[in-house]
Amino acid sequence: MPKARFRECMGLLGLESNSFLSDRIFEVVDKDQDHFISFEEFATIMDTLINGDEDEKLEFSFALLD
């Protein structure tokens with residue numbers, strides 16, 4: 001998924017007015033930095049957010065702010 005499409009999807013969650021946050025999430029999730037979120041990258045972060053332990057979730061949160 002390219003960044004523009006990701007922004008559209010984030011808009012569905014009410015973040016259309018905050019492009020900084022959606023862009024930062026995109027950058028953190030795009031591990032190989034190819035400017036495209038693959039299904040594997042998406043599934044990995046969703047698994048972390050849903051099933052991850054506290055340390056994994058904190059690591060993701062810190063990466064957003066770093």
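What's counted below: heavy atoms across the whole structure, side chains too, no hydrogens, waters or symmetry copies.
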Pairs meeting criterion side-chain hydrogen bond (donor to acceptor under 3.5 Å, both in side chains) with involvement of residues 44-54, two or more places apart: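 Sorted pair list: Asp47-Asn51.
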Minimum-distance pair of heavy atoms, taken over all atoms of Lys57 and Gly52: CE-O, 3.1 Å
List the atom pairs, donor and acceptor, that lie under 3.5 Å between side-chain atoms in residues 26-37 and the rest of the protein, sequence neighbours left out.
{"residue": "Glu27", "atom": "OE1", "partner": "Arg24", "partner atom": "NH1", "Å": "3.0"}
{"residue": "Asp30", "atom": "OD1", "partner": "Gln33", "partner atom": "N", "Å": "3.4"}
{"residue": "Asp30", "atom": "OD1", "partner": "Asp34", "partner atom": "N", "Å": "3.4"}
{"residue": "Asp30", "atom": "OD2", "partner": "Asp34", "partner atom": "N", "Å": "3.3"}
{"residue": "Asp30", "atom": "OD2", "partner": "His35", "partner atom": "N", "Å": "2.8"}
{"residue": "Asp32", "atom": "OD1", "partner": "Asp34", "partner atom": "N", "Å": "3.4"}
{"residue": "Asp34", "atom": "OD1", "partner": "Phe36", "partner atom": "N", "Å": "3.1"}

Shared hydrophobic cluster, Leu64 / Ile50 (ILVMFWY, side-chain heavy atoms < 4.5 Å): yes
Linked, directly or transitively: Ile25 and Leu58 (ILVMFWY side chains, under 4.5 Å):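 In one cluster: no.
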Spacing of Phe60 atom CZ and Ile45 atom CD1 [to the nearest 0.5 Å]: 4.0 Å
